[in-house]
Chemist: 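What follows is a single structure, and I will ask about it in a moment.
If you're wondering where the values come from, they're calculated on a predicted model, not measured in any experiment. As a basis for the values below, the full set of heavy atoms in this structure was taken, side chains included, without hydrogen atoms, waters or symmetry mates.
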Amino acid sequence: MKSFLQVIIVAFIFISFLLSLPNLTKERNFKTYKDEQLRATAQSKGLKPIPNTYEELLKIANDENNPLNHEKIALGKELFFDTKLSLDDTISCSTCHMISKNQNEKKVILNAITSKKQPNDMKNANNCVVCHLSDESGTDRLSTAIGYKGATNPYHLNTMTILNSSLAKQFTWSGEVKTLEEQISNSIQAPHKMNIKEDELIKKLLEDEKYINSFNTVFKEENSLSFINIQKAIAVYIKTLLTRSSFDEFLEGDNSAISATAKRGLVNFMNFGCSGCHTGMSVGGQSVQRFPLRHFAGIHDLRPNLGSPPDFEIIDDTFPFENKGGYKGRANTQFFRVPILRNVTKTSPYFHNGSVDKIREAVEIMGRHQVGLNLSNQQIDEIVEFLKTLEGNIVDYTHEAKDTKANK
C-alpha cells in the first residue's frame, strides 16, 4: 500500500511539473520599435511593397523572353477563365484559382465535394469553400484540389494561391517547377487537373476565330496559336494578379495604416525568425525549407495555452497533424516550398494537405515546430493581426497598360 501511494505521489508531482513548465519559462523580451525603425527593419528583411502602377510592375515582372503588353494580358485573361482549356469544357484555371464571382464554376467544385463518388474523407475534409464562396483567395479553399470529372489530387495536396505567385522563385509544394509557363503546362495536361493534351487544346481553340485573330495580333508570327504561346499569354496575365493591402501603405510611409497590435505582430514575426523564410514582396515563395524542423514534444503535445481540463494531443510521427495523402515533400525529404503569406487569412485550410483550417492553429504549429517557441495567446493574436494586414485586393493595372517599344 505504501509503495502504491509513493507511485501516485511521484506521478502527481511529475504531471504537475510538466503542466507548470510553460509558466516557469520566461517569455523572450524584444526591443520595441518606433514606426520608422519598424518600417526600415521590415524592408531590410526583404518585406517590400507591391507595385501600384503598371510602370512599376514592368520593373519587376517584365521578361525579354515573354514581355508584358496590354493585348497579351487581355488574351491571357481570356484563356484563364475559359473552360475550353479542359477536356470536357467544365474547368478553367479560375475554377481552382478563384479570383472572381464565377458562380457556375464554384458550383462545379461544390457538386464535386458532395458527389457520391467522393470518398467520405473528402466529404468530411476541411473544405472552407462551403462558407467562403465570395472570397477572392486565388485558390479553391479545399483541403485537396478537385479536377477533371471530380478527380482529387493523388497526394491530397492543397491548391496554392495564384495571387502574387509570379513573385515566387519556385512553384508547387515541392518547389521543383521553376517557371510559370512550366506550371501552366503541367496544370493543363495533368489527368487529375484539366486533362487535355497540347494537340487537343490547339485543335479546340483553332475552331474559334476570335482566338485565331487574338493570337495573330499578339504574337505576329506563323502558327501564332501554339501551346507555348498559350502558356506565355496566361503567364503574363498571372503576373498582374498582385494584391496590395494596408501593409503596403505602412511600408510606404502611412503609420496609421495598421494597428498597434498588428505592429507588435510584425515585431514578433521578424524577431521570432518567421521573416527569414517568409520574405520578399510575396512574403514567402522564395525558398524551399524543411518542415517540421523540430519534433516538439514528440509524444504529448503540451502547450502553454491549455484550457481546463488539460488538452493532451497525440501527434503524428511525421507532421504535427494527420498527413492525409502521405506526401512528404520533395523526394520524401520533408522539404516544401515556403507558402506565400499575402492573403493567407483567406486561403485556409492550411499546410500541404489542408489539415488545419484555423489560422491561429497554423501560427501556433509554426511557432512550436518551426522556430521552437511555445507562443502565448497574446503573441499568436498579435501575429494573426499582422497577417490580416496582408489581406489585399488585386491591383488594376489595365488602365495604365500602355505599350512601349521596350515592351513590344
Chemist: Atom CD of residue position E221 - does it have more than 12 heavy atoms of other residues, nucleotides or ligands inside 6.0 Å?
Modeler: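 Yes.
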Chemist: Show, in sequence, the C-alpha distance, side-chain angles and deciding distance for S185 and Q189, and conclude whether the side chain to side chain donor-acceptor pair (under 3.5 Å) test is met.
Modeler: CA-CA 6 Å; S185 174; Q189 298 189 75; 3.0 Å; yes
Chemist: For residues R141 and T347, is any side-chain donor paired with an opposing acceptor at under 3.5 Å?
Modeler: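 Checked: R141/T347 side chains show no N/O donor-acceptor pair below 3.5 Å.
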Chemist: Will you find, in the side chains of S282 and Q286, an N or O donor that is under 3.5 Å from an N or O acceptor?
Modeler: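 A donor-acceptor contact under 3.5 Å links the two side chains.
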Chemist: For the CG atom on N393, are there more than 12 heavy atoms of other groups (residues, nucleotides or ligands in this structure) within a distance under 6.0 Å?
Modeler: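 It does not: N393 CG has 12 such atoms or fewer within range.
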Chemist: Would you please test Y397 and Y54 for ring-ring contact (aromatic ring centres under 6.0 Å, His included) and show each step?
Modeler: CA-CA 5 Å; Y397 295 111; Y54 184 70; 7.1 Å; no
Chemist: Using distance alone, with no hydrogens and no angle criterion, decide if K232 and N65 have a side-chain donor and acceptor under 3.5 Å apart.
Modeler: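 Short answer, no.
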Chemist: Looking only at side-chain N and O atoms, does E322 offer a donor or acceptor that is under 3.5 Å from a partner on S355?
Modeler: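 No - no donor-acceptor pair under 3.5 Å links their side chains.
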Chemist: Show your working on ring-ring contact (aromatic ring centres under 6.0 Å, His included) between H352 and F336 and close with a plain yes or no.
Modeler: CA-CA 8 Å; H352 62 278; F336 297 84; 4.8 Å; yes
Chemist: Quick check: are there more than 12 heavy atoms from other residues, nucleotides or ligands sitting under 6.0 Å from OH of Y155?
Modeler: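 Counting neighbours around OH of Y155, 12 or fewer heavy atoms of other residues, nucleotides or ligands fall under 6.0 Å, so no.
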Chemist: Does atom NZ (K203) have a neighbourhood of more than 12 heavy atoms from anything else shown, all under 6.0 Å?
Modeler: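 12 or below, so no.
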Chemist: Applying side chain to side chain contact (heavy atoms under 4.5 Å, CB included) between V283 and each of L47, V344, I340, report the one that passes.
Modeler: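 Per the side chain to side chain contact (heavy atoms under 4.5 Å, CB included) rule, the option paired with V283 is L47, out of L47, V344, I340.
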Chemist: For K193, look at atom NZ and say whether over 12 heavy atoms of other residues, nucleotides or ligands are found less than 6.0 Å away.
Modeler: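 It does: K193 NZ has more than 12 such atoms within range.
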Chemist: Any salt bridge linking E78 with K210? Criterion: basic side-chain nitrogen under 4.0 Å from a carboxylate oxygen.
Modeler: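 Yes, charged N to carboxylate O under 4.0 Å.
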Chemist: So, S174 and T172: side-chain donor and acceptor under 3.5 Å apart, yes or no?
Modeler: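 The answer is yes; a qualifying pair exists.
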Chemist: Could you go step by step and tell me if D381 and R360 meet the salt bridge (charged side-chain N to carboxylate O under 4.0 Å, His left out) rule?
Modeler: CA-CA 7 Å; D381 289 340; R360 292 190 84 264; 2.8 Å; yes
Chemist: Ring centroid separation for F291 and F351, is it under 6.0 angstrom?
Modeler: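 Yes: the rings meet the under 6.0 Å criterion.
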Chemist: Consider only side-chain N and O atoms of S376 and Q378, and report whether a donor and an acceptor are under 3.5 Å apart.
Modeler: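 Note: S376 and Q378 side chains miss the donor-acceptor criterion.
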Chemist: State, without any angle test, whether N268 and E382 hold a side-chain donor-acceptor pair at a distance under 3.5 Å.
Modeler: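 Side-chain D/A pair, N268 to E382: present.
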Chemist: In terms of heavy-atom contacts, does NZ of K204 have more than 12 from other residues, nucleotides or ligands at under 6.0 Å?
Modeler: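 Enclosed: over 12 neighbouring heavy atoms sit under 6.0 Å from NZ of K204.
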Chemist: Would you say the side chains of N164 and T243 form a donor-acceptor pair under 3.5 Å?
Modeler: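 Result is yes, a qualifying pair exists.
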Chemist: Taking NZ, NE, NH1 and NH2 as the nitrogens, is one of them in D248 or K48 under 4.0 Å from a carboxylate oxygen of the other?
Modeler: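 No, no charged N to carboxylate O under 4.0 Å.
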Chemist: Do the ring centers of H156 and Y327 come within less than 6.0 Å of each other?
Modeler: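 Aromatic pair excluded; centres sit 6.0 Å or further apart.
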Chemist: For the rings on F247 and F386, is their centre-to-centre separation under 6.0 Å?
Modeler: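 Yes.
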Chemist: Please report the closest heavy-atom contact between R337 and A168, naming both atoms and the distance.
Modeler: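 Scanning both residues, the minimum pair turns out to be NH1-CB, 3.6 Å.
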Chemist: Do the side chains of L390 and N343 get nearer than 4.5 Å, heavy atoms only?
Modeler: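 A side-chain contact under 4.5 Å is absent here.
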Chemist: Yes or no on salt bridge (charged side-chain N to carboxylate O under 4.0 Å, His left out) for K84 and D89, after CA distance, side-chain angles and deciding distance?
Modeler: CA-CA 5 Å; K84 289 188 181 75; D89 293 342; over 6 Å; no
Chemist: Does R39 make a cation-pi contact with F250 (under 6.0 Å, within 45 degrees of the axis)?
Modeler: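 Verdict for F250: a cation-pi partner in R39.
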Chemist: Within a reach of under 6.0 Å around NZ of K358, are more than 12 heavy atoms found that belong to other residues, nucleotides or ligands?
Modeler: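 Open: at most 12 neighbouring heavy atoms sit under 6.0 Å from NZ of K358.
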Chemist: Is it true that T261 and R264 share a donor-acceptor pair across their side chains at a distance under 3.5 Å?
Modeler: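 A pair is found: one side chain offers a donor N or O, the other an acceptor, under 3.5 Å apart.
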Chemist: Looking just at side-chain N and O atoms, do N353 and N323 make a donor-acceptor pair shorter than 3.5 Å?
Modeler: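 A donor-acceptor contact under 3.5 Å links the two side chains.
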